[in-house]
Structure formats: structure tokens, C-alpha cells
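Keep in mind the model is a prediction, meaning the values are calculated, not measured.
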Amino acid sequence: MFTIEHDFDATVITLVDEGAAPLEEDLTISAFEECVTLEQYDPHTDSVQKITLSDTQLRDLAAALDLPEGIYRIRVIPADSNKT
């Protein structure tokens, strides 16, 4: 299950683990203009762990989910380069 909320400065998605036990804590993903953050409560440390991804890292992560093992670099082709 997940929720989507549109705040003033970010879109916030919360993923709720409904799988088989043991369940993981909710994961909150906040998409800002300049980055994306992932936050999840860690009961072992009794604190919220936070990871920040740049737009480039997020793009690479999305691509990596559909690729086999290996080393990759994504080339961005400017939109203007296709014009003659």
C-alpha cells in the first residue's frame, strides 16, 4: 500500500509494507525540485535513517532496475541536438 501527498515544496510518497512478516518500517520518499530523499525509521538505533539522491542518481537507479549485471554510464543527449 502507498500514499501520495502533494506538499508546498515536495511530493511525498509513503510505502507501507504489507508483505509477509517480519514487516519493514514505512518508507517515506520526498521528491523535491533538486533532490529526492528516502527516510525510514530504524528500530535498532531508534532513529530515522535518511538517504538523499540527486536527479542523476535517481535516473541511474531507475535505469539499473532493468539492466543485467555490469558497469554502465548513461549519456544524456540534449533535446536540441536532434534538430537539423
>> Could you measure the distance from the OG1 atom of T52 to the CZ atom of F32? Nearest 0.5 Å is fine.
In response: 8.5 Å

>> According to side chain to side chain contact (heavy atoms under 4.5 Å, CB included), who are the partners of L27, at least two apart in sequence or on a separate chain?
In response: L15, I29, L38, Q40

>> Quiz question: by atom type and distance under 3.5 Å, do the side chains of E39 and T37 form a donor-acceptor pair?
In response: no

> According to the side chain to side chain donor-acceptor pair (under 3.5 Å) rule, which pairs have a member within residues 68-78, sequence neighbours left out?
Replying inline: none

> With sequence neighbours left out, which residue pairs that include part of residues 7-31 fulfil the side chain to side chain donor-acceptor pair (under 3.5 Å) condition?
Replying inline: H6-T11

> Is I74 close to D60 at the side-chain level, that is, under 4.5 Å between some pair of heavy atoms?
Replying inline: yes

>> For the CD1 atom on I71, are there more than 12 heavy atoms of other groups (residues, nucleotides or ligands in this structure) within a distance under 6.0 Å?
In response: no

> D66: what forms a side chain to side chain donor-acceptor pair (under 3.5 Å) with it, not counting sequence neighbours?
Replying inline: none

> In chain order, what residues pass the side chain to side chain donor-acceptor pair (under 3.5 Å) check against T56, with sequence neighbours excluded?
Replying inline: none

> Around Y41, counting heavy atoms of other residues, nucleotides and ligands shown, do more than 12 lie under 6.0 Å from its OH?
Replying inline: yes

> Does E34 CD have over 12 foreign heavy atoms under 6.0 Å away?
Replying inline: yes

>> Other members of the hydrophobic cluster containing M1, with the 4.5 Å side-chain heavy-atom rule, please.
In response: V16

